[in-house]
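Along the sequence shown, residues are numbered consecutively beginning with 1. What you see below is based on every heavy atom in this structure, not just the backbone, and it leaves out hydrogens, waters and symmetry mates. Nothing here was measured: the structure is a model prediction, and the numbers come from that model.
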Amino acid sequence: MKKLLLTGFAPFLDNPVNPTTNIVEQLHNQVISDYAVIGHVLPVEFQQSGSDMVRLIETYDPDAVVSLGVAVGRRLVTPERIAINCNDGPIDNRGYKPAGEKIVENGPDGYFSTLPIQHMVQNIKKANLPAEISNTAGTYLCNNVMYHTLHYFKEQKLHRPSGFIHIPASHELGLERNVPSWSNEDLAKAVWESIACL
């Protein structure tokens, strides 16, 4: 059976929870279509998250990679189109704050997702959940991990579906931050439908 590496993140900044943690734990060891899901939660640290991601890929040799992040304030599930070679944004969980530094010094400016993002959006919508493609993964850890993953596969000349999906806040987080939110059940369903179309 094929293997799919599914990653989320730990809580960060002033967010007491991160719904991607729950989704990764819930879908770990599940079988979706032809994929056995391997779930892992990454730290929110510029100096560690990307290298941890590469180690997971080298350890499990997955046939596909889907990474998840929460975009507090978004109302839709948004597969990302591109990752850019830039670290920026607020401090991470170790207190580090980059200022426009490159993720890979001599790397390309950007990498397009190799996930079937249009098909993913269609699948999510068929499940009566709102979704659209996003053209920016930002410059924080979500973009960092997406870039590291796509760069690794490019350097290794491996053609495997990989990319990133941002999800809205869960109700638990929405109550804390006063932002739009989804139930954990619907968030997990949207991710399931995304994986199902690989």
Side-chain angles (χ1 to χ4, degrees), residues 2-13 15 18-30 32 35-71 78-98 101-117 120 134 136-167 191 194-195 198:
K2 294 180 180 179
K3 295 176 290 185
L4 181 137
L5 177 61
L6 179 68
T7 68
F9 282 108
F12 62 101
L13 299 175
N15 302 301
N18 190 326
T20 66
T21 300
N22 295 331
I23 294 172
V24 166
E25 292 174 350
Q26 180 178 339
L27 298 185
H28 177 62
N29 286 333
Q30 297 291 316
I32 305 176
Y35 290 92
V37 178
I38 303 166
H40 277 272
V41 176
L42 296 170
V44 182
E45 299 174 15
F46 281 102
Q47 304 300 324
Q48 185 174 345
S49 296
S51 57
D52 280 4
M53 187 64 165
V54 169
R55 280 195 292 271
L56 289 172
I57 293 170
E58 292 177 338
T59 298
Y60 293 106
D61 191 26
D63 299 282
V65 176
V66 174
S67 296
L68 306 175
V70 61
T78 53
E80 297 294 344
R81 192 186 303 274
I82 191 170
I84 62 173
N85 192 6
C86 180
N87 282 333
D88 208 317
I91 62 171
D92 65 12
N93 283 356
R94 281 185 178 260
Y96 180 69
K97 187 183 187 307
E101 67 185 24
K102 288 190 174 183
I103 297 172
V104 176
E105 185 58 36
N106 295 312
D109 290 338
Y111 284 110
F112 284 101
S113 172
T114 55
L115 296 174
I117 56 177
M120 286 179 162
S134 167
T136 174
T139 53
Y140 197 51
L141 270 301
C142 298
N143 176 77
N144 179 287
V145 164
M146 182 180 178
Y147 189 94
H148 268 102
T149 302
L150 293 165
H151 181 72
Y152 176 83
F153 283 134
K154 182 71 171 180
E155 289 291 293
Q156 298 300 315
K157 296 180 172 58
L158 296 172
H159 303 287
R160 299 179 185 181
S162 57
F164 200 95
I165 301 173
H166 268 117
I167 64 170
V191 174
S194 298
I195 296 171
L198 290 177

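Considering only heavy atoms from C-beta on, L141 comes within 4.5 Å of S49 through its side chain. The closest side-chain heavy-atom distance from I195 to L4 is below 4.5 Å. Residues T149 and I57 meet the side-chain proximity criterion, which asks for heavy atoms closer than 4.5 Å. Side-chain contact between H28 and V37 is absent, with no heavy-atom pair separated by less than 4.5 Å. Proximity of T136 to I82: side-chain heavy atoms (C-beta onward) are nowhere separated by under 4.5 Å.
Across L198 and L115, no two heavy atoms sit closer than the pair CD2-CD2, 3.9 Å. A pairwise comparison of heavy atoms in F164 and L68 identifies CZ-C, 3.4 Å as the closest pair. Contact detail for A64 and Y35: the closest heavy-atom pair is CB-CE2, 3.9 Å. Heavy atoms only, all atoms of each residue included: V145 and S67 are closest at CG1-OG, 3.8 Å. Minimum heavy-atom separation, A137 to M146: CB-SD, 4.3 Å. The two residues V44 and A10 have their closest heavy-atom pair at CG2-O, 3.4 Å.
Going from atom CG of N144 over to atom CD1 of I103 covers 4.5 Å, rounded to the nearest 0.5 Å. The line from OG1 of T78 to CD1 of I167 is 9.5 Å long, rounded to the nearest 0.5 Å.
Within the structure, every pair that satisfies the salt bridge (charged side-chain N to carboxylate O under 4.0 Å, His left out) test and touches residues 43-60, not counting sequence neighbours, is listed here: E45-R94, D52-R55. For the salt bridge (charged side-chain N to carboxylate O under 4.0 Å, His left out) condition, the pairs that include at least one residue of residues 143-160, sequence neighbours left out, are D61-R160.
Residues meeting the side-chain contact (heavy atoms from CB on, under 4.5 Å) test with K97, sequence neighbours left out: I91. Listed by chain and number, the residues in a side-chain contact (heavy atoms from CB on, under 4.5 Å) with A71 are R74, H166 (sequence neighbours excluded). For R81, there are no salt bridge (Lys or Arg N to Asp or Glu O under 4.0 Å) partners two or more places apart in sequence or in a different chain. Among residues two or more places apart in sequence or in another chain, the side-chain hydrogen bond (donor to acceptor under 3.5 Å, both in side chains) test is passed with S162 by T114. Taking the side-chain contact (heavy atoms from CB on, under 4.5 Å) definition, one finds that P98 meets it with F46, N87, Y96, E101, sequence neighbours left out. Every ring-ring contact (aromatic ring centres under 6.0 Å, His included) that Y60 has, sequence neighbours left out, goes to H40. When the salt bridge (Lys or Arg N to Asp or Glu O under 4.0 Å) test is applied to D88, no partner is found at least two apart in sequence or on another chain. Scored by the side-chain contact (heavy atoms from CB on, under 4.5 Å) test, S194 finds M120, I124, I165 as partners (sequence neighbours excluded). In this structure Y111 satisfies the ring-ring contact (aromatic ring centres under 6.0 Å, His included) test together with Y147, H151, sequence neighbours excluded.
Under a 3.5 Å cut-off, the side chain of N93 and the backbone N or O of P11 do form a donor-acceptor pair. A side-chain donor-acceptor contact under 3.5 Å links N143 to the backbone of C86.
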Without placing hydrogens or testing angles, list every side-chain donor-acceptor pair under 3.5 Å for residues 19-26, not counting sequence neighbours.
from : atom 1 : to  : atom 2 : distance (Å)
T20  : OG1    : F9  : N      : 2.9
T20  : OG1    : F9  : O      : 3.3
T20  : OG1    : N18 : OD1    : 2.8
T21  : OG1    : F9  : O      : 2.7
T21  : OG1    : N18 : O      : 3.4

